[in-house]
Amino acid sequence: MATVLHLSEVNLKLLQFHRKFSKKIGNFTILSNKHVFFYVAPISSPSQRLYCTAKNDKETQTKASGGVLTQLLNKSPSKIIPTNQPARGCFHPGASVLSRETIPLDGGQSVTSIQMLNAMLQYIWPRDNPQIRDRVKLAVSLLVGAKLMNVCVPFIFKYSVDYLNVHAGTVLNMDSAPETVVTVATSILLGYGIARASALGFNELRNAVFAKVAQHSIRKIAKNVFLHLHNLDLSFHLSRQTGALSKTIDRGSRGINFVLTAMVFNIVPTIFEMVLVSSILGLKCGAAFAGISMGCVGVYAAFTLGITQWRTKFRVYMNKAENEAGNKAIDSLINYETVKYFNNEKFEADRYDHALKKYQEASLKTSTSLALLNFGQNVIFSVALSAIMILAAKDILQGNLTVGDLVMVNGLLFQLSIPLGFLGSVYREVRQALIDMQTMFTLMAMDSKIKNKPQAPYIYVDSKATDIVFDNVSFEYGPGKTILNGLNLRIPPGKKVAVVGGSGSGKTTLVRLLYRFFEPSEGRILIGGQNIKEVDLDSLRKSISIVPQDSVLFHDTILHNLRYGDLNASRDEVIQAAKMAEIHDSIISWPNGYQTQVGERGLKLSGGEKQRVAIARAILKNSPILIFDEATSSLDSITEYNILKALRNATRGRTSIVIAHRLSTVMDADEIFVFENGRVTEKGTHQMLLENPQSLYFKLWTTQNHSFKEQPLNSGTTGEIPRS
Ligand SMILES: N[C@@H](CCC(=O)N[C@@H](CS)C(=O)NCC(=O)O)C(=O)O
């Protein structure tokens, strides 16, 4: 089910009000700056919705009400968030899809359900956190208390029925003291009320006490997965979609939440209640009663699990069809103008209707199979209840049981039927939660190839004395994808060297190897004579600053983004770096200055501004080795000129490697290495290389038809901006 809203229809003030709830990305998608796609979860009937919402999904439903829209409104209108949000299940939002795409986790060992439950137990029974363990103990005590109170209710009811039965009419006959009868009857019935209220109170208290345990585990697990993801190799991240990874954490931790909640609030209490009820029936009324109740639950469970297994596919189809319909609507509305250009409104409507038809068919199957399940469950229960009542009636007639016992038996079984009424849903969603958790735990079981050696020494780098040597380095991304092929190269200390060459010649790979994101398949990389494989990885990465090709910023203030180079830097230090990177003047001209939000991935900043932020960050990091990886690519020449000035400020006195496609940026380098097929084929200064008209450098230079003035950029130059 989907609705498209006009943004003008949205009460913006209300959305602002809901801003504080905007953490949850839910069921909305921006189509354009005029439309929002609003996704409505199908929940069969209002009563189910009420139950499910109140019991399990209160928070999510509240948060999804407006905060999501507010958040999306803040995003770029052109940004489309795919609506493959699953339909909201009642216990575990999103768990009921079962058809979701999973990220391939080759290299991770598959984890069994038992291993996952074991891992989960370690989180809810943490050895190092006695407070959490105390909470678990308290929650279990409250659970037992709630169930004991629950079974007391039919008992007290039985006593009141028996008592009233014996004393029926005594008040009129006046043959016994009427006040006593009334007082006793009233007390028993008050006890009934108190027992009911206590059972509910204990339940709610248990929920409140256990909520902290569940949330604590989820937070800990999510943080561990997040850290683990950061520890995995770049090769892993290059081959995965970040969106899929975040979904894995999200679904996995929600899966854990669901399994824990279902265990503590549904499965374990129901089993406990069943054992309690059967024992009471066995002891109080006889083995036949216990046998029927246990048999009933057995048949009920078998029927429910069987039917649920069978009907799950209908829900899968339904959710798929719903996603398909939603995607068709989005695609068509995004292409509004194209549809109009070709007068294809009818065609689009028919296509959408075709998808809706599929959804309708699957939805019908889901509803009818749900009716079958509910009906079957009721039949099984009613048969067992009738059998047990007939048995009780016989015993009453024989004088073995009282009428109150009949009422008690009925009450006990009826109470048991309430949690059993959701057995199918719980089963289906626990299965899905286990699948989600499996993906997450498999991810956790993945190992990184690049690791610190035990007790690896810290690297020592001195920009005046430390050189960088690539000694016969070869590297391939995969079989047949050779990038570096016996590369030999020495970068002298404190010098600025440039690496140039066509795309795919291995320039960026050089940086990745230096950062030890990958290991060379052959050869060594030495910094000051120390093999980078043997030194502490963190210290290696601390000794290198980079201005990457694609400067991506965090969705935060410009101040935070600049400070990212050194999180402990003072505001003055940040401003100093911004000045050196030639971005300070632009920042203070913005209305919010250093507090300006840069937008998602820095969208609100121009390419040149982003590159200057990256330069300032690198300056703040203050590492002895500096790398500029195509730092001025795709910039216009004025911006490039300013960036080069910033670059010159930053490189002074440091060992720096400038990777460049545009040769104008490296004319002043102390040495230029020309890369071809993963090797250095030419080297020298700009002038030296140009002297040979046969050289690749010469060809590149002429191809780029460079008219950039061949004058080195002096630091702090305020002269005329060279124009092409
Ligand atoms: N009695 C059934 C149905 C329980 C029920 O109504 N579940 C709610 C969610 S809490 C629902 O909407 N189910 C839809 C469905 O199973 O298709 C069972 O044991 O699963």
Side-chain angles (χ1 to χ4, degrees), residues 144-173 175-200 202-203 269-303 376-421 423:
V144 174
K147 285 299 162 195
L148 287 178
M149 279 296 145
N150 216 27
V151 289
C152 277
V153 174
F155 260 95
I156 302 176
F157 200 38
K158 159 203 151 55
Y159 286 120
S160 66
V161 170
D162 283 345
Y163 187 79
L164 291 172
N165 205 18
V166 171
H167 294 93
T170 51
V171 176
L172 288 179
N173 297 340
D175 55 359
S176 72
E179 293 86 19
T180 323
V181 173
V182 172
T183 313
V184 173
T186 312
S187 307
I188 297 175
L189 289 170
L190 270 178
Y192 170 87
I194 292 169
R196 262 186 74 91
S198 310
L200 290 171
F202 280 163
N203 258 339
T270 310
I271 293 173
F272 180 64
E273 188 169 350
M274 204 200 83
V275 172
L276 211 61
V277 167
S278 304
S279 314
I280 291 169
L281 288 179
L283 291 171
K284 205 97 194 50
C285 312
F289 285 78
I292 294 180
S293 73
M294 289 205 299
C296 160
V297 174
V299 173
Y300 184 100
F303 172 79
Q377 285 175 328
N378 276 322
V379 168
I380 294 169
F381 212 84
S382 303
V383 168
L385 199 61
S386 308
I388 234 165
M389 303 275 273
I390 291 168
L391 218 59
K394 268 192 194 157
D395 279 346
I396 291 171
L397 294 176
Q398 285 165 9
N400 299 332
L401 292 180
T402 63
V403 176
D405 287 324
L406 181 86
V407 173
M408 182 192 75
V409 169
N410 184 292
L412 285 173
L413 287 179
F414 191 75
Q415 277 182 178
L416 190 59
S417 76
I418 297 174
L420 285 177
L423 184 67

Would you list the pairs meeting salt bridge (charged side-chain N to carboxylate O under 4.0 Å, His left out) in which at least one residue belongs to residues 150-168, sequence neighbours left out? K158-D162, K158-D405
Please walk me through it: do Y159 and L189 pass side chain to side chain contact (heavy atoms under 4.5 Å, CB included)? CA-CA 9 Å; Y159 286 120; L189 289 170; over 6 Å; no
Value for CG (L276) from CG (N150), rounded to nearest 0.5 Å, stands at 9.5 Å
Between C152 and A195, what is the shortest heavy-atom contact and its length? CB-CB, 4.4 Å
Minimum heavy-atom separation for A301 to L423, with atom names? CA-CD2, 3.7 Å
Could you grab the distance from atom CZ of F155 to atom OG of S160, nearest 0.5 Å is fine? 13.0 Å
Heavy-atom closest pair (P419 atom, T270 atom, distance to 0.1 Å) is CB-OG1, 3.4 Å
Using the rule given for side chain to side chain contact (heavy atoms under 4.5 Å, CB included), can you reason through L148 versus F202, listing the C-alpha separation, both sets of side-chain angles and the distance that settles it, and then say yes or no? CA-CA 10 Å; L148 287 178; F202 280 163; over 6 Å; no
Nearest atoms (heavy-atom pairs only) where A146 meets N203: CB-OD1, 3.7 Å
Roughly how far, to the nearest 0.5 Å, is OG of S382 from CE of M389? 11.0 Å
Qualifying side-chain hydrogen bond (donor to acceptor under 3.5 Å, both in side chains) pairs, either residue in residues 276-297, two or more places apart: S278-S293
Rounded distance (nearest 0.5 Å) linking atom CD1 of I390 with atom CG of D395: 12.5 Å
Please report the interatomic distance CZ(F303) to CZ(F381), rounded to the nearest 0.5 Å. 14.0 Å
Go through the steps to decide whether L416 and L420 satisfy the test side chain to side chain contact (heavy atoms under 4.5 Å, CB included), and finish with yes or no. CA-CA 7 Å; L416 190 59; L420 285 177; 4.2 Å; yes
Is it true that, when you exclude F157 itself, more than 12 heavy atoms of the residues, nucleotides or ligands shown sit nearer than 6.0 Å to its CZ? no
Distance-minimising heavy-atom pair for Q377 and G421: OE1-O, 4.3 Å
Can you tell if the side chain of I388 reaches within under 4.5 Å of the side chain of L281, non-hydrogen atoms only? yes
Min side-chain heavy-atom separation N165-T402 under 4.5 Å: no
Interatomic distance, CD@Q398 vs CD1@I396, rounded to 0.5 Å, equals 11.0 Å
Heavy-atom closest contact (V153 atom, Y192 atom, distance): CG1-CE1, 3.3 Å
For the pair C285 and V409, evaluate side chain to side chain contact (heavy atoms under 4.5 Å, CB included) and give the outcome as yes or no after the intermediate values. CA-CA 9 Å; C285 312; V409 169; 4.0 Å; yes
